[in-house]
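One structure is given here, and the rest of the page talks about it.
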Number of protein chains: 2
Amino acid sequence: MMVAEPRPVAVELNAVLVALIGDEPQVLTLENGALLPSGPFESDHPTLQAGVRAWVEHQTHHPLGYVEQLYTFADRYRESTLGYRIVSISYLGLTRERAAAGQHELGWQSFYRYFPWEDWREGPPKILTRTVLPRLKSWVEAASDDAKRRRQQRVEGNFDVSSWNEELALQRYELLYEAGLVPEASRPRDAIVDPVPGEPMRYDHRRILATGIARLRAKIKYRPVVFELMPPDFTLGQLQRAVEALAGRLLHKQNFRRLVEQQWLVEETGAMTADTGGRPAKLYRFRREIVLERAVAGSKLPLARA
Amino acid sequence: MMVAEPRPVAVELNAVLVALIGDEPQVLTLENGALLPSGPFESDHPTLQAGVRAWVEHQTHHPLGYVEQLYTFADRYRESTLGYRIVSISYLGLTRERAAAGQHELGWQSFYRYFPWEDWREGPPKILTRTVLPRLKSWVEAASDDAKRRRQQRVEGNFDVSSWNEELALQRYELLYEAGLVPEASRPRDAIVDPVPGEPMRYDHRRILATGIARLRAKIKYRPVVFELMPPDFTLGQLQRAVEALAGRLLHKQNFRRLVEQQWLVEETGAMTADTGGRPAKLYRFRREIVLERAVAGSKLPLARA
DNA sequence: TATATTAATGCTAATTGTGAGCATAAGAGA
DNA sequence: TCTCTTATGCTCACAATTAGCATTAATATA
């Protein structure tokens, strides 16, 4: 309980750097999509966040709109070759423009390359109904009694097609991991014979990515973070497609507009654009003041009157 | 961007360990309330969470009901005497019983000893209206033009008495820190002359505590974590007072009951208790199954139909 | 033994928020 | 001109939440 001298470990930073390219949500990777960008924590930065920001901006030559800490892992298998324990601190970063690719096989990959069952924009993904769910079902059946009931409830709670909750992306990945349905779950000896579709990543980078996606999906609902991914001027249609890309779900157009407008998130620029295909759309810009004006929403308690 | 060999740093763990004693929300501290319990991260634990759990349970001899990571700090001033950079990972822990005090001046302290402006159970705290708000107002006035308007909006957004949001506890503390109204904000040379009421802590422990309180206040609204702080059997009145203690606000009794019941969070034990003073109350217990049955709530997007 | 007091509970009117969809407008291109 | 596509306005039904009133059942006390 006392503050003894802690043992040295090595600290590394991981970044889930997100951008929207076309209507696809993408993440910056290296080694052909197998790794998230990571680097050592340099001691010459005043704070972790400043370190991440400087490091990403130096590498990509683009400003980072928004940075948020995701999680710190120190699982035992994370050991460097020198015998240090590795603690890795991961961050979510949102950027507006395409970062300079080229070096170290830097490249953007769609979220849904890694989590194909998470993209419901064209209805329930075939991969989910045809492959993932049946495999999970077998996993449930493989247990008995209490364990079976518990597995059953977890699958129902996280994968229920009739009440899909896009925020549970991390929990779904973790469940697939536990069920031994993703390659990352393999022990050195026995590989996963027939994993579920979806590109794997090295180490636990796919878990970190799932953490970032889940956090982002939750956050877009109560904080105006989508705008960090948008160009300065945009149409409401573009904005809607951006949210849809992140959430992996289609939204009701009129209700979406009502929501955005009544929250005073945007203002008209006065200009219009005609290259959306149909009727020209008004251009809007984000009202940055809103961030200061209203702190957060969050859900509510049944308060008593004064 | 490459995975270079990171530099060694020391990792320490901090815990915000919460219990309800009487109707007061309390936190475990040492050194007479000046520090949160902290310790080194021992390398013989498989995960960080396991490390925290083992360490707290060893020290307090009581099981930890719930553990959640709060945040990882590595600000530059956190340097050990040996020259290592210190990374500190903080956790929120909920416990049902009074931990064994005694050693190292371990003791429980009310949340509101540190944040007296956060307890609205008896209406707007005098300290807030008489001291904190006027001091913030001076701080706003001290700036000019744009800076002044920004300060104004931040104070309004976080401290507005007519739309108090209990979840903003951390942001309020940080604002007071920035405004130089808490002793922790003092540079070595010039101490804060007349800080706002509220007990300070050493290092950034009060900020960590604020992080824990804010997280807990947000979480009780969408996950059944209060039960980790309750005895096995309880009345709905007790449950309500527990939530009120954490949120620092009074709730509407009938609506609170409706909420709890319609969410199937509890079930009657069949027994009654008569020591509540008035009419005897039914005893309830938490339905643990619910955790598996329903994943989470979260807020909503205006989805389109299938 | 009345009588005030404290809780627990049941019920409902009023308001606000959300879901779903019809209808119309305004351009591009065949 | 007709058709297609997207943008935009508006409304109705229903669900959820807020704020109370009213009643019941015990204990404490005059």
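Residue numbers begin at 1 in each chain, while the letters A, B, ... track the order of the sequences. Just so you know, these numbers come straight off a predicted model, no measurement behind them.
Applying the ring-ring contact (aromatic ring centres under 6.0 Å, His included) test to B:Phe227 and every residue at least two apart in sequence or in another chain returns B:Phe234, B:Phe286. Applying the side chain to side chain donor-acceptor pair (under 3.5 Å) criterion to B:Glu199, with sequence neighbours excluded, gives no partner residue. Taking the side-chain contact (heavy atoms from CB on, under 4.5 Å) definition, one finds that A:Leu94 meets it with A:Val18, A:Tyr66, A:Leu92, A:Leu216, A:Val225, A:Glu228, A:Leu229, sequence neighbours left out. With sequence neighbours excluded, the residues satisfying side chain to side chain donor-acceptor pair (under 3.5 Å) with B:Asp23 are B:Arg241.
Atom P of nucleotide C:dA8 and atom CG of B:Leu239 are separated by 11 Å, given to the nearest angstrom. Regarding A:Leu251, its CG atom lies at a distance of 14 Å from the C1' atom of C:dT18, rounded to whole Å. Rounded to an integer number of Å, the gap from NE2 of B:His252 to P of D:dT17 is 14 Å. Computed from coordinates, the A:Asn255 CG to D:dC10 P distance equals 15 Å when rounded to whole Å. The CZ atom of B:Phe256 sits 15 Å away from the C1' atom of C:dA7 (whole-angstrom rounding). One can place CD of B:Gln262 at 13 Å from P of D:dA15, the figure rounded to the nearest angstrom. Atom CG of B:Leu301 is separated from atom C1' of C:dG17 by 15 Å (rounded to the nearest Å). As rounded to whole Å, 7 Å separates atom P of D:dT17 from atom CG of B:Leu259.
Counting only N and O atoms by type, the side chains of A:Gln26 and A:Ser110 include no donor and acceptor under 3.5 Å apart.
Among residues at least two apart or in separate chains, salt bridge (charged side-chain N to carboxylate O under 4.0 Å, His left out) pairs with a member in residues 248-260 of chain A are A:Glu166-A:Arg249.
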Could you go over nucleotides 7-9 of chain D and give all protein N or O partners under 3.5 Å, atom names and distances?
unit_1	atom_1	unit_2	atom_2	d
D:dA7	OP2	A:Lys253	NZ	3.4
D:dA7	N3	A:Arg279	NH1	3.1
D:dT8	OP1	A:Lys282	N	3.1
D:dT8	OP2	A:Arg257	NH1	3.1
D:dT8	OP2	A:Arg257	NH2	3.3
D:dG9	O6	A:Gln254	NE2	3.2

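You'll find a donor-acceptor pair under 3.5 Å spanning the side chain of A:Arg258 and the base of C:dG19, going by distance alone.
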